[in-house]
Amino acid sequence: MKTTESTQAVNKLDALDRLESEAIHIFREVAGEFDRPVILFSGGKDSTVLLHLAVKAFWPAPVPFPLLHVDTGHNLDEVIEFRDRTVERYGLRLVVASVQDFIDDGRLQERPDGTRNPLQTVPLLDSITSNKFDAVFGGGRRDEERARAKERIFSLRNSFGQWEPRRQRPELWNLYNGRHRAGEHVRVFPLSNWTELDVWRYIQRENIDLPSIYYAHRREVFQRDGMWLTAGPWFGPNADETVRELTVRYRTVGDGSCTGAIQSDAADIEAVIAEVSASRLTERGATRADDRLSEAAMEDRKREGYF
């Protein structure tokens, strides 16, 4: 059997080329199937790669949908500065769903432990409903956590924003079913098949800018539950928690009360890639306290409407 020219071309693609091609295909599929897509954007590495892929998918036209940030109010300053700089750079519209606004008007209550990550669900769903978003791009990857591994690339959510495993559809031969009833929407994960190492290698190849906290720097931190946390408007440090200045970096971006730094001397991307290559824990498993609340913490939140 003779190999066609198209097959030969595909065979020449390396792993990153194939992942990029798949993600761009997904962006274009969504643009063709849905009326009001939006990209979840936190300023973290995964959502930044997601935006970079969206820019590539529609270049030279602008990205045809806005960004949505669910802002806990407990973000590190470097991340918010990077978010605003990126939005301005690409001339995009940013929709901000503020957890603090929901606390101020009584729709949410502060948790006793000070973490706001679990409080993001209500502002997220409210923003999706009020803006009539029907497709929501997220940077979730299957290698991050067990509940993520179950997720389809097109993940149907019901009218309450909840994930229902029995209603997920097969995805064969890169065919994606975006049908949904009024009030429902679809979460879309173009990075599903990527690993943390793939993301970092792609960032290196494409020379993608990131918040400085992803690289080693000196920072005052205190230890809690085996993680190094930065002092901030959240609870801590407590009287028995000693603040130290260490050389650290962040593997993931999230609510400052539950996202820890790791001790690291990886000050450039080559060193970060070497460090990630040797790690036996995903970034969420190593540095996200909200995933330690229970064995099924992520799955429980997904059923409630979380990312």
Side-chain angles (χ1 to χ4, degrees), residues 27 30 34-55 58 62-111 114-140 157 160-161 185-191 208-214 230 232-234 250 252-259 288 290 301-302 304-307:
F27 270 109
V30 170
F34 294 86
D35 296 321
R36 296 180 65 84
V38 67
I39 300 175
L40 291 173
F41 185 75
S42 66
K45 69 181 187 312
D46 296 313
S47 62
T48 300
V49 166
L50 207 60
L51 177 57
H52 181 86
L53 290 162
V55 170
F58 302 106
V63 176
F65 22 79
L67 306 182
L68 170 60
H69 181 209
V70 183
D71 185 358
T72 67
H74 285 177
N75 301 284
L76 297 177
D77 292 340
E78 297 95 326
V79 177
I80 295 300
E81 290 169 5
F82 175 82
R83 180 201 70 181
D84 294 342
R85 188 169 70 248
T86 302
V87 169
E88 182 179 1
R89 173 187 175 189
Y90 290 109
L92 299 171
R93 180 167 72 93
L94 175 67
V95 178
V96 178
S98 170
V99 171
Q100 186 64 55
D101 289 347
F102 279 69
I103 292 173
D104 291 344
D105 63 21
R107 286 177 288 176
L108 288 174
Q109 290 187 338
E110 199 81 77
R111 288 168 53 93
T115 183
R116 289 186 174 180
N117 252 30
L119 301 184
Q120 293 181 89
T121 300
V122 174
L124 170 65
L125 296 179
D126 181 83
S127 186
I128 290 172
T129 301
S130 61
N131 289 281
K132 298 181 180 179
F133 295 134
D134 53 1
V136 182
F137 288 101
R157 303 299 172 102
F160 298 101
H185 69 277
V186 174
R187 306 282 174 90
V188 184
F189 301 101
L191 304 183
I208 298 173
D209 189 29
L210 292 179
S212 59
I213 64 170
Y214 277 106
T230 298
W234 42 90
Y250 281 80
T252 183
V253 161
D255 185 62
S257 63
C258 65
T259 305
R288 292 296 284 268
D290 51 328
R301 281 178 288 154
K302 281 159 54 65
E304 295 169 0
Y306 186 71
F307 305 151

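Predicted, not measured: the structure shown is a model, and the values here were computed from it.
In this structure, R157 CZ and R187 CZ are separated by 4.0 Å, a value rounded to the nearest 0.5 Å. Between atom CD of residue E78 and atom CG of residue L210 there is a gap of 13.0 Å, rounded to the nearest 0.5 Å.
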Enumerate, atom names and distances included, each donor-acceptor pair closer than 3.5 Å involving a side-chain atom of residues 88-97, sequence neighbours excluded.
none

Derivation of the side chain to side chain contact (heavy atoms under 4.5 Å, CB included) call for S212 and F82: CA-CA 9 Å; S212 59; F82 175 82; over 6 Å; no
From CA spacing to verdict: side chain to side chain contact (heavy atoms under 4.5 Å, CB included), L40, L124: CA-CA 10 Å; L40 291 173; L124 170 65; 3.8 Å; yes
T72/L119 under side chain to side chain contact (heavy atoms under 4.5 Å, CB included): CA gap, chis, key distance, verdict: CA-CA 8 Å; T72 67; L119 301 184; over 6 Å; no
Full working for side chain to side chain donor-acceptor pair (under 3.5 Å) between Y250 and T230: CA-CA 11 Å; Y250 281 80; T230 298; 2.7 Å; yes
Ring pair (Phe, Tyr, Trp, His ring centres under 6.0 Å) between F137 and F65, worked out: CA-CA 10 Å; F137 288 101; F65 22 79; 5.4 Å; yes
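Judged purely by atom type and a 3.5 angstrom limit, D134 uses its side chain to pair as donor or acceptor with the backbone of D35. Distance alone, capped at 3.5 Å, is enough to place a donor-acceptor pair between the N131 side chain and the S127 backbone. With hydrogens and angles ignored, the 3.5 Å screen pairs no side-chain donor or acceptor of D71 with any backbone N or O of S98. One N or O on the side chain of D105 and one on the backbone of R107 form a donor-acceptor pair closer than 3.5 Å.
Nearest approach of S42 to H69, heavy atoms of both residues: CA-CD2, 3.8 Å. The two atoms that bring D209 and T48 nearest to each other are O-CG2, 3.6 Å, heavy atoms only. What you find for V99 and P123 is that their closest heavy atoms are CG2-CG, 4.0 Å.
Using the six-membered ring where Trp is involved, F58 and F27 have ring planes that are perpendicular, over 60° apart on the 30 and 60° scheme.
For the 3.5 Å distance criterion, the side chains of D255 and S257 qualify, holding a donor opposite an acceptor.
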